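Below you'll find the structure, written out as structure tokens, and then a few comments.
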Amino acid sequence: MSARVSARGRVEPFHVMELLKAAHERQVSHGDVITMCAGQPSTPAPAVAREAAAAAMADGAVLGYTPAMGIPALQQAIAEHYADWYALDIDPNAIAITTGSSAGFTALFLAAFDPGDVVLMTRPGYPAYRNTLQALGCRAVELECGPEVRFQPTLAMLEQWSAVNGGPPAGLIIASPANPTGTVIAADELAAIARWCAEQDVLLVSDEIYHGVTFGEPATSAWATSRSGVLVGSMSKYFSMTGWRVGWLVLPEHLVRPIELLLGNLNICAPAISQVAATAALGPQARPELEGHVQRYAANRDVILSRLPELGISRWAPADGAFYAYADVSHLTNDSTRWCDEVLAATGVALTPGVDFAPGTGLDTSLDGNRWVRISLAGATDEMNEAMDRLATFA
Ligand SMILES: Cc1ncc(COP(=O)(O)O)c(C=O)c1O
């Protein structure tokens, strides 16, 4: 019997999945779990989206394969979304609908980067960028982004990296608001980075999937400055539709056809019923419900941030958006995975260890994910208070 596993197939695990499994087991045995480890809303898709899906099923719609780039109505709805939110005029044909943004990243990395290409990302950062790039034979290189740069890259860091490494990288991924920190990059810094990437022929991949979930100024889009990069969007976060698996890419012209060909081969299309539901979720009827979720996240954020000092925590990333608090727990542990296991066992509260987002010690040991945890704010406000009560007894 052959037992072949490719070197590329040996990707890092997403540690939070282990925590979710343990949380599920605890729920079965104790029934008291508060899940603050999942990066997803605790609410269903907007009512209008669920109704649209139900109507399509009741009508006996075929719901077969769609065009690889997605149904035109959804491409159009997303183009209107950019006009509405950012005053950007985008050709619907430049928008590729993907199976969650996750499938969009895979297709994009394949379309834009060759094996060995260097793509910069932040540390801490979303682990699937690194793991997917590595599985495709590209080199994900982390830029250490601590409190002094608000956990986001700066133009100066990119210039310095290029000077030290004899030239610019092939690509740069930024996420704003970011996972795990929730931090938003300043609009002028984003514009400066987008301009530099365009000048240096660096493909800027701007992960904007948490747009809409911000607690101050709305986040700006990289396309407000330059259309040479790629925007990544998703129905998962603001639109509360994680499991429906719909995301999108907004593409410069040279990448449209390669992405269309790759998507057709890799996925054929995103789920048809979900595309119908997503089209409805982008309409004005869903807005009050979705804005209500953002108000709840803001209230939850206030609860968590105001109570972190009760755990002796004094350092956390600026939680400008998304639904996370990324907190330094180095006074409590130097092994965040074990600590999260212990917290779950003692209190029933499930948190995410920072090792997912900053594995290994790195150069700046104060950013070592073993010293940090990510707390999701996406649950009910009562749960936030209950979780903090329980954590205060443990810490
Ligand atoms: C920063 C970031 N990008 C992309 C994704 C992938 O999301 P999806 O595939 O559901 O669109 C996630 C999921 O948590 C994320 O946090």
Side-chain angles (χ1 to χ4, degrees), residues 14 16-17 20 35 37-58 61 63 66 69-82 84-85 92 95-107 126 128 175 177 179 182 207-214 218-219 221 231-250 263 267-298 300 321-324 376-380:
F14 200 176
V16 69
M17 302 314 281
L20 274 169
T35 304
C37 58
Q40 63 175 340
S42 51
T43 45
V48 66
R50 285 179 276 137
E51 282 157 19
M57 303 238 291
L63 298 170
T66 75
M69 293 287 278
I71 57 174
L74 180 53
Q75 290 174 299
Q76 181 65 37
I78 293 171
E80 284 166 17
H81 166 78
Y82 280 96
D84 181 23
W85 281 29
I95 297 170
I97 309 302
T98 57
T99 308
S101 67
S102 302
F105 281 107
T106 312
Y126 179 59
N179 180 6
D207 183 340
E208 303 183 353
I209 80 164
Y210 287 97
H211 277 207
V213 188
T214 46
S221 173
L231 308 182
V232 183
S234 178
M235 298 305 295
S236 289
K237 309 297 178 174
Y238 174 79
F239 295 97
S240 191
M241 294 178 67
T242 45
W244 296 74
R245 308 311 298 133
V246 178
W248 68 86
L249 300 171
V250 181
L263 289 177
N267 306 110
I268 301 188
C269 64
I273 186 108
S274 303
Q275 294 191 56
V276 171
T279 307
L282 282 150
Q285 248 182 294
R287 280 307 281 279
E289 191 178 337
L290 297 172
E291 287 300 318
H293 298 335
V294 179
Q295 279 164 20
R296 182 168 42 84
Y297 303 145
N300 292 354
F323 26 67
Y324 306 117
S376 170
L377 318 169

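The figures here come from the full heavy-atom set of this structure, side chains too, leaving out hydrogens, waters and symmetry mates. Everything numeric in this text was worked out from a predicted model, so none of it was measured.
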**Request:** Please assess Leu20 against Thr35 for the test side chain to side chain contact (heavy atoms under 4.5 Å, CB included), listing each intermediate value before the final yes or no.
**Result:** CA-CA 8 Å; Leu20 274 169; Thr35 304; 4.2 Å; yes
**Prompt:** Looking only at heavy atoms, what is the nearest atom pair of Val276 and Ala52, with distance?
**Reply:** CG1-O, 3.9 Å
**Request:** Supply the atom-to-atom distance Thr242 OG1 to Lys237 NZ, rounded to the nearest 0.5 angstrom.
**Result:** 7.0 Å
**Request:** Any chance you could measure Ile78, atom CD1, to Leu231, atom CG, to the nearest 0.5 Å?
**Result:** 11.5 Å
**Asked** Nearest heavy-atom pair of Glu289 and Ala47: which atoms, and what distance?
**Response** OE1-N, 3.0 Å
**Asked** What are the two closest non-hydrogen atoms of Ala278 and Val246, and how far apart are they?
**Response** CB-CG1, 4.1 Å
**Request:** Quick one: do Thr66 and Leu74 satisfy side chain to side chain contact (heavy atoms under 4.5 Å, CB included)? Show the steps, please.
**Result:** CA-CA 11 Å; Thr66 75; Leu74 180 53; over 6 Å; no
**Request:** First locate atom OH of Tyr82, then atom CD of Glu208, and finally report the distance between them rounded to the nearest 0.5 Å.
**Result:** 6.0 Å
**Prompt:** Would you call the rings of Tyr210 and Tyr324 parallel, tilted or perpendicular if under 30° counts as parallel and over 60° as perpendicular?
**Reply:** perpendicular
**Message:** Run Ser102 and Arg245 through side chain to side chain contact (heavy atoms under 4.5 Å, CB included) and show every step you take.
**Reply:** CA-CA 9 Å; Ser102 302; Arg245 308 311 298 133; 3.5 Å; yes
**Asked** Are Thr98 and Leu249 close enough that some pair of their side-chain heavy atoms sits under 4.5 Å apart?
**Response** yes
**Request:** Could you pull out the closest heavy-atom pair between Met235 and Ala281, with the gap in Å?
**Result:** CE-CB, 3.7 Å
**Message:** Can a donor-acceptor pair be found, under 3.5 Å and without considering hydrogens, that links the side chain of Thr279 to the backbone of Ala73?
**Reply:** no
**Request:** Kindly compute the distance separating OH (Tyr297) from OG1 (Thr214), expressed to the nearest 0.5 Å.
**Result:** 12.5 Å
**Prompt:** To the nearest 0.5 Å, how far apart are CD1 in Ile273 and CH2 in Trp244?
**Reply:** 6.5 Å
**Asked** If you measure only the distance, is there a donor-acceptor pair under 3.5 Å linking the side chains of Gln76 and Glu80?
**Response** yes
**Minimum side-chain heavy-atom gap Pro177-His211 below 4.5 Å** = yes
**Prompt:** Would Met69 and Cys269 satisfy side chain to side chain contact (heavy atoms under 4.5 Å, CB included), going step by step from the backbone distance to the final call?
**Reply:** CA-CA 7 Å; Met69 293 287 278; Cys269 64; over 6 Å; no
**Request:** Look only at the side chain of Arg296 and the backbone of Leu377, and say whether a donor-acceptor pair between them is shorter than 3.5 Å.
**Result:** no
**Request:** Could you tell me whether a side-chain N or O of Gln275 sits under 3.5 Å from a main-chain N or O of Ala270, the two making a donor and an acceptor?
**Result:** yes
**Request:** Kindly give the heavy-atom pair with the smallest separation between Ala378 and Asn300, and that separation in Å.
**Result:** C-ND2, 4.4 Å
**Request:** For the residue pair Ser376 and Gln40, establish whether any side-chain heavy-atom pair is separated by less than 4.5 Å.
**Result:** no
**Request:** Taking Arg50 for its side chain and Ala45 for its backbone only, find out whether a donor-acceptor pair lies under 3.5 Å.
**Result:** yes
**Request:** Over all heavy atoms of both residues, which pair between Pro41 and Ser240 is shortest? Give the atoms and the distance, please.
**Result:** CB-OG, 3.6 Å
**Message:** Rounded at 0.5 Å granularity, tell me how far CD in Gln285 sits from CZ in Arg287.
**Reply:** 13.5 Å
**Request:** Could you tell me whether the side chain of Ser101 and the main chain of Gly233 form a donor-acceptor pair under 3.5 Å?
**Result:** no
